[in-house]
2 protein chains.
Amino acid sequence: MSDSQGSRREARPDGGRAPARPRVTIADVAALAGVSVGTASKALNNRGKLREETRSRVADAARQLGFRPNEMARSLLSGRSFTVGLVTTDHVGRFSLPVLLGAEDALGAGEISVFLCDTRGDAIRERHHLQALASRRVDGIIVAGRRTDPRPPLRQFLDVPVVYAMAPSQSAQDLSVAPDEEQGACEAVRHLIAAGRSRIAHITGPARHHSSQVRAAAFRRTLAEAGLAPAAGKVLYGEWNEPWGRQAVQHVLHADPRCDAVFCGSDQIARGAADSLREVGRTVPGDIALAGFDNWDVMATACRPPLTTVDMALGELGRAAAVRLLEAIDGRARSGVEYLPCRLVIRDST
Amino acid sequence: MSDSQGSRREARPDGGRAPARPRVTIADVAALAGVSVGTASKALNNRGKLREETRSRVADAARQLGFRPNEMARSLLSGRSFTVGLVTTDHVGRFSLPVLLGAEDALGAGEISVFLCDTRGDAIRERHHLQALASRRVDGIIVAGRRTDPRPPLRQFLDVPVVYAMAPSQSAQDLSVAPDEEQGACEAVRHLIAAGRSRIAHITGPARHHSSQVRAAAFRRTLAEAGLAPAAGKVLYGEWNEPWGRQAVQHVLHADPRCDAVFCGSDQIARGAADSLREVGRTVPGDIALAGFDNWDVMATACRPPLTTVDMALGELGRAAAVRLLEAIDGRARSGVEYLPCRLVIRDST
DNA sequence: ACATTTGAGGAAACCCTTTTCCTTGATTGC
DNA sequence: GCAATCAAGGAAAAGGGTTTCCTCAAATGT
């Protein structure tokens, strides 16, 4: 049948039992207070001209009945639902979760409820969720990605504001907020240099990842600004995991035995490197200083020694996305990518 | 003022600009198709008696206009919102996230949208969220906890069904779904015994945690059934982290040098144990077999060797919670705690 | 003493969709 | 030929709030 409709409700002319839970409505409150519904509404919302005694009588009645206005009825009238959709493409949630929670926090404070939509990177599911959000008349959408690679913009079924968090939109028309990985990487490398290290290597993730490229570029640029060259002569691209960290750090030691610091593209890589270094008898930070990226606490603090690393402040990112979305909903829309600063967290590995 | 009301809408008689995005309503569809709104509704929902040509004409108009029925208006009428609240007390989300995503998946398939509510373990915030959910007229609530310790039941502001996931409710009236940690631990220990190990130690988390107690009890019982006694003479309670795993395993080796297996209460503990064993020259699983709990992939697969561990199937747990909630919404409520089986994942450490 | 303002609150429209009931014209039954 | 059925679709109510407009009485102005 038509695509633009749902046929979910099965009429249940008999099937489902009567809900049997008659919610209390403003009519009940009005009746108890002995006023009309219009008056009750005004009393509860501090509108109109009412005697103070009437207001309190209505308030008492509302409290007594445990009345909560039906948000859907209000929305129907006001044209705003005071809800937003939180769409994540990240099934595992390691990066998008903090963003989502930050956004939820900021929005909840503004009395806005959030719909959680997990697309699992599946376009069909994404479309499905967007249609549902359209039906629910959300006021806006935040799209949180797993990585920082730019993503195709939402093919919109609705004309509500969208803010992209973490993974910016490929379209410059859209508004995106993303971590300033360049600044973060830069700060980490400067920190290593300031600690007196001069032969610094960089081990990072797959070369096809935006994050790898940005961090590596910042690494190279910062070294060059200090008149230094990368240890081992090049950036080592591989995987984001520990085995790669272990493997790559051995390669670095072999290629440049006097290497005195390693900047890793992730905490997992750094942890692998730390383990490997310890096993070949190199001390951290004595012989070799080590810095990671992500401040993933289970990695960074379980690392021996605890890891100096770059924190992308993902919760802040989510909050910022929420603030931007609220502005856009309010008509004050921006566009382009807004980069939020990363924070260097210094621990014992440097 | 009254607690049972909100005064959010600030009247915006002038402040906010006109929304200027006139959503298409069924009246627009009806007008375009040249029928009344009632007929349009029937056409779109396959109700009533209409000519096939009329139906398709309406469907065309709907498609052309990109019409999506306003879910809030439907809900207002049907008395069901087709939404549920997902309340998590778990800020970091390591355990509750998979549960939430599983629930979201199961509910989304049923055309139900979910409100995400993060209480961060704060009672005020919880209350706040519950009130919001009441206003939104959710059809039900799933409460996901971080740990498996029983939790106080929701002091309800609404009379909708609630299902507790992970952390069961302390009230037997309520319905809870939780992982069968006992069975999981049991299976892990049996697996170790079947592999020919006879001097098995158990290192786990804080004694005050329900999980520690249940797993330790299962450990003891299973050993006893096989006529064995715990290596090191007792269960070692500590923390859930790696340092404790490293420390405790040394204690075990000292107390019982012929220990040939360690069952750990978490993958983090197991990983710490693995590192520590390797450092003192004991091979895994050659000298000592090692099993963990959680199947936290970043721990279990990064462990050297990859860890045999118990998977609590949290996604399934979330899905089950969703199914139970849908049943309860439909009037088929259950009560008590339903335990879902854990799965032993066998890798190289045993 | 009369017109006008003000205070307090009621009646009804409105938001969007579904559903019930009703109307109209055509067909069938006898 | 007339009552009864049926197909097709329209009109209106309902759902729960908010807001606009209106009414009524009391107070004020002159």
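Lettering of chains follows the sequences in order, A, B, ..., and the numbering in each one begins at 1. Excluded from the calculations below are hydrogen atoms, water molecules and symmetry mates; all remaining heavy atoms, backbone and side chain alike, are included.
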Residues B/E111 and B/R74 bridged, charged N to O under 4.0 Å:
no
Separation of A/N45 atom CG from D/dG17 atom P, in whole Å?
11 Å
Which residues pass the side-chain contact (heavy atoms from CB on, under 4.5 Å) test with B/L32, not counting sequence neighbours?
B/A61, B/Q64, B/L65
Side chain of A/N70, heavy atoms from C-beta onward: which of D/dG17, D/dT19, D/dG15 has the nearest atom to it?
D/dG17
Specify the separation, in whole Å, of atom CG of B/L44 and atom P of C/dT19.
12 Å
What's B/T25 touching, base or sugar-phosphate or nothing? Going by heavy atoms closer than 4.0 Å.
sugar-phosphate
Among the nucleotides C/dC15, D/dG17, C/dT18, which one has an atom lying closest to any side-chain atom of B/S41?
C/dT18
Check: A/F95 and A/L314 side chains under 4.5 Å, non-hydrogen atoms:
yes
Which whole-number value in Å describes the distance from B/R80 CZ to D/dG16 C1'?
19 Å
Among all residues two or more places apart in sequence or in another chain, which pass the side-chain contact (heavy atoms from CB on, under 4.5 Å) test with B/V323?
B/E327
For A/R137 and A/S75, test the side chains for any donor-to-acceptor distance below 3.5 angstrom and give the result as yes or no.
no
A correct dot-bracket answer for DNA chain C, with pairs being Watson-Crick or G-U at under 3.5 Å, [ ] for crossing pairs and | for inter-strand pairs, is ||||||||||||||||||||||||||||||
Where the side chain of B/L76 is defined as all heavy atoms beyond and including C-beta, which of C/dT19, D/dG17, D/dG15 is the nearest nucleotide?
D/dG15
Looking at A/D60 and A/R57, does any basic side-chain N land under 4.0 Å from a carboxylate oxygen?
no
Taking side-chain contact (heavy atoms from CB on, under 4.5 Å) as the test, write out the residues that go with B/V37, two or more places apart.
B/I26, B/A27, B/A30
Under 3.5 Å, is there a donor-acceptor pair between the B/S113 and A/R136 side chains?
yes
Please give, in whole Å, the distance from C/dC16 C1' to B/R68 CZ?
15 Å
On the nucleotide C/dA8, are OP1 or OP2 found under 4.0 Å from the side-chain N or O atoms that A/R47 carries?
no
For residues 96-107 of chain A, the salt bridge (charged side-chain N to carboxylate O under 4.0 Å, His left out) pairs (sequence neighbours left out) are A/D105-A/R319, A/D105-B/R120, A/D105-B/R125
To the nearest Å, give me how far apart CG (B/N46) and P (C/dT19) are.
12 Å
Could you give the CD-to-P distance, from A/E71 to D/dG16, as a whole number of Å?
15 Å
Would you list the protein and nucleotides 6-14 of chain D atom pairs, both N or O, that sit under 3.5 Å from each other?
residue, atom, partner, partner atom, Å
D/dA7, OP2, B/K49, NZ, 2.7
D/dG9, OP1, B/R51, NE, 3.4
D/dG9, OP1, B/R51, NH2, 2.5
D/dG9, OP1, B/T54, OG1, 2.8
D/dG9, OP2, B/R51, N, 2.9
D/dG9, OP2, B/T54, OG1, 3.0
D/dG10, OP2, B/S36, N, 2.9
D/dG10, OP2, B/S36, OG, 2.9
D/dG10, OP2, B/T39, OG1, 2.5
D/dG10, O6, B/K42, NZ, 2.7

Phosphate OP1/OP2 of D/dT18: any A/R74 side-chain N/O under 4.0 Å:
yes
